[in-house]
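In this text, all values refer to a predicted model and were calculated from it rather than measured experimentally. Chain letters run A, B, ... following the sequence lines, proteins first, then strands; residues in each count from 1.
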There are 2 protein chains.
Amino acid sequence: MDDRKQKVLLAIIQDYVATAEPVGSRTIAKKYKLGVSPATIRNEMADLEDQGFIEQPHASAGRIPSERGYRYYVDYLMIKQELTRKEEDMIRREYETKVKEIGQVIQMTSQLLSQLTCYTAMVLTPRLGSSNFKHIQLVSMHPTQAMIIVVMDNGVVHNRMTEMPEGISASDMETLSRVLNAKLQGATIEDIKRTLLKEIYSELGKHRRILDMAMELIQDSLALRTGDKIYLGGVFNMLNQPEFHDVEKIKTMLSIMEQEKLLCDLLAGESREEGVTVRIGNEIKQRSIRDYSVVAAPYVLGGRKAGSVGVLGPTRMEYAKVIGVVDFMTRNLSQVLERMIQGRGK
Amino acid sequence: MDDRKQKVLLAIIQDYVATAEPVGSRTIAKKYKLGVSPATIRNEMADLEDQGFIEQPHASAGRIPSERGYRYYVDYLMIKQELTRKEEDMIRREYETKVKEIGQVIQMTSQLLSQLTCYTAMVLTPRLGSSNFKHIQLVSMHPTQAMIIVVMDNGVVHNRMTEMPEGISASDMETLSRVLNAKLQGATIEDIKRTLLKEIYSELGKHRRILDMAMELIQDSLALRTGDKIYLGGVFNMLNQPEFHDVEKIKTMLSIMEQEKLLCDLLAGESREEGVTVRIGNEIKQRSIRDYSVVAAPYVLGGRKAGSVGVLGPTRMEYAKVIGVVDFMTRNLSQVLERMIQGRGK
DNA sequence: TGTTAGCACTCTATGTTGTTGAGTGCTAAT
DNA sequence: ATTAGCACTCAACAACATAGAGTGCTAACA
């Protein structure tokens, strides 16, 4: 692959990414002054086509990059595009002013990602590590109603209403809370299941009914692990891409977006322990998405992969830009989350 | 408006709602055996057009109902379609098995609504009435981190992490919680602002830093009123309606769906204190939605309107069905929420 | 007087055909 | 190795023709 061929391929990709129209030899000669005539470029293009880097939609049209072409571009030709000063400032500002809890962080991230790229953003909720029991609190609401609140040590809070037998006063509940807290301090789910449960029951047996509810909630909390949820951003945004001029395309795209499970697999599966991963067209394992490309990367929490973010768009994607954005956003997201959970050390 | 004219209008509406194609006189004569010839029906149709109940898209096409036609249908011709036994059972089962907290109820409702109607569902989150302070709890997390949890008397829970000065033990926090709870019991926001604040500060002055945070959260909680949020369901669902064969239509529709505020106004504004409201086309005040119809109704909590649900679809809508569904769902939703908040009295 | 058959007319949707222009591949000259 | 020239291909577009659905009107009919 000599130098000029690379230049031609680069030109084709850049032009096609920008215009979504097949690129002809004349266009390249004019716009990307390589100092040679269209005829020469035609020869190079014929070669590139033989090697599978570009293809012709039909006989008398220009060329478009093939998946292999994009792959070559991403691996060898592309220069990652860093965010501008302005963009970085904007992002930091958004996080600082508008975000107060973990759900908002995730949502904001997906919004920013799609806004910066014009494609669809996906963010997987973080698995918040350890998740052991921290605190339980029973609060009397109505005469016959109580709320059970469970706090996990990663900062997740669960709560549930429950019916309560008559004749339990608010101070009874306070006592119950205190005893339970003392017993359960720092316990893992195994501890609770194996040993503590019996101990507690024998001690507080008369409040069996409430205990049952409390235990159920604690177990749910421990089991739930903030069940992998995926946030999408800018699905609608992407419809402005010319690949969606056709109603059928829109529908199939939207039906993919509806399949949460598929998208979770996509994100969880594609991104490795570290760094940005790019999957182009058929490189994606999920069959139904083979017309698109994904740029994904994990974000970390306490040094370990906690979740992933990704951008989904047509194979004709601004890879340089998207990769830059995804890279920045994952690092930023890690920081923001870390600060939020560990405390915003001044 | 004589009897036969009504029958013709009814036939036109039913057929057009079913097929989305302009209806001709032949079709009516054949399918809706009125016992007269197409020519007679043509005469009736000419009259109906003069009166503004139907219109012709172009000279040699059949007729389609006008907004006035739909209005007449909804007011005088239509027979509300109750849900089938099967559907009702399905709904009840879904709520019972899958729904454990208030957010899920709302989401499930919008899902079911859109599923049953094939249009887009909108559900406004409930305003949970009073919303006074019920309980506060400080929980020590890390050595320098604490969580503040505030419970409101309508069952809403807010929580926030905060930094904590060194040298405050877990039992200090327990004490703090207890004193605060005692002081604040059942207080409204005014109480807190006017009198209690000073009292508490003078008593617990040395923990000023924590108090500030706690008070901030309480005030936020009182102010937030679970800020009117809207849940949409089945936006994509609706794309299968033939009115969306055109890309532009899809885009404008989706851009409407993105404007949360607009939709909130729509729902909050259109539905009165009680019962199902139907707004057809231009009857909708919001300009940008004038091509659609809305069927909305409020749901109640403790005897007062707490929120609204609605269905948004093309003017060519199955009003009979949709009205039945909306009616049933609001009543059911009221019940489910009531039970959830007041306690699931057996 | 209300109903109906018949018919001319209208207009969209669909298909056909011709034309244009962008772009190629090949060849021969440089 | 590069390039000008040229014949060729094919999608896109426009112009035109055709078919058919549906109407409104008129005149005949019960």
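Between the CE atom of A:Met45 and the C1' atom of C:dC26 there is a distance of 16 Å, given to the nearest Å. Rounded to a whole Å, the CD atom of A:Glu21 is 17 Å from the P atom of C:dG21. The CZ atom of A:Arg26 sits 11 Å away from the P atom of C:dT24 (whole-angstrom rounding). Remark: C1' of C:dT1 and CG of B:Asn43 are 13 Å apart, rounded to the nearest angstrom. D:dA21 atom P lies 16 Å from atom CD of B:Gln56, rounded to whole Å. If you measure from atom CD of B:Glu44 to atom P of D:dC25, you get 15 Å, rounded to the nearest angstrom. Atom CD in A:Glu49 sits about 15 Å away from atom C1' in C:dC26, given to the nearest Å. Nucleotide C:dT24 holds its C1' atom 16 Å from the CD atom of A:Glu55, rounded to whole Å.
Closest contact between the side chain of A:Val36 and the listed nucleotides D:dT3, D:dT23, C:dT4 involves D:dT3. When distances run from any side-chain atom of A:Thr40 to the nucleotides D:dT23, D:dT3, C:dT10, the shortest one goes to D:dT3. Candidate nucleotides C:dT10, D:dC10, C:dG6 were compared by shortest atom distance to the side chain of A:His58, and D:dC10 ranks first. Among the nucleotides C:dT24, D:dC25, C:dG23, the one closest to the side chain of A:Thr27 is C:dG23.
Smallest separation of non-hydrogen atoms from A:Leu124 and A:Leu267: N-CD1, 4.0 Å. Minimum interatomic distance between A:Val247 and B:Phe244 (heavy atoms only, all atoms of both residues): CG1-O, 3.9 Å.
The phosphate of D:dT23 has OP1 or OP2 within less than 4.0 Å of a side-chain N or O from B:Ser25. At C:dA5, none of the side-chain N or O atoms of B:Arg42 fall inside 4.0 Å of OP1 or OP2 (strictly under the cut-off). Distances shown here put every side-chain N or O of A:Arg63 at or beyond 4.0 Å from the OP1 or OP2 atom of C:dA22. Remark: B:Ser60 is not in phosphate contact with D:dT23, judged by side-chain N or O atoms under 4.0 Å from OP1 or OP2. Between C:dT3 and B:Ser37, no contact under 4.0 Å exists linking OP1 or OP2 to a side-chain N or O.
No donor-acceptor contact under 3.5 angstrom links the side chains of A:Gln51 and A:Arg68, judged on distance only.
Residue-environment remark: NZ (B:Lys251) exceeds the threshold of 12 foreign heavy atoms within 6.0 Å.
Listed by first and then second residue, the ring-ring contact (aromatic ring centres under 6.0 Å, His included) pairs that reach into residues 3-62 of chain A are A:Phe53-A:Tyr72, sequence neighbours excluded.
Nearest-nucleotide assignment on DNA chain D puts the 5′-proximal partner with B:Ala61, out of B:Ala39 and B:Ala61. DNA chain C is contacted by both B:Ala59 and A:Val23; B:Ala59 maps to the nucleotide lying nearer its 5′ end (nearest heavy atom per residue).
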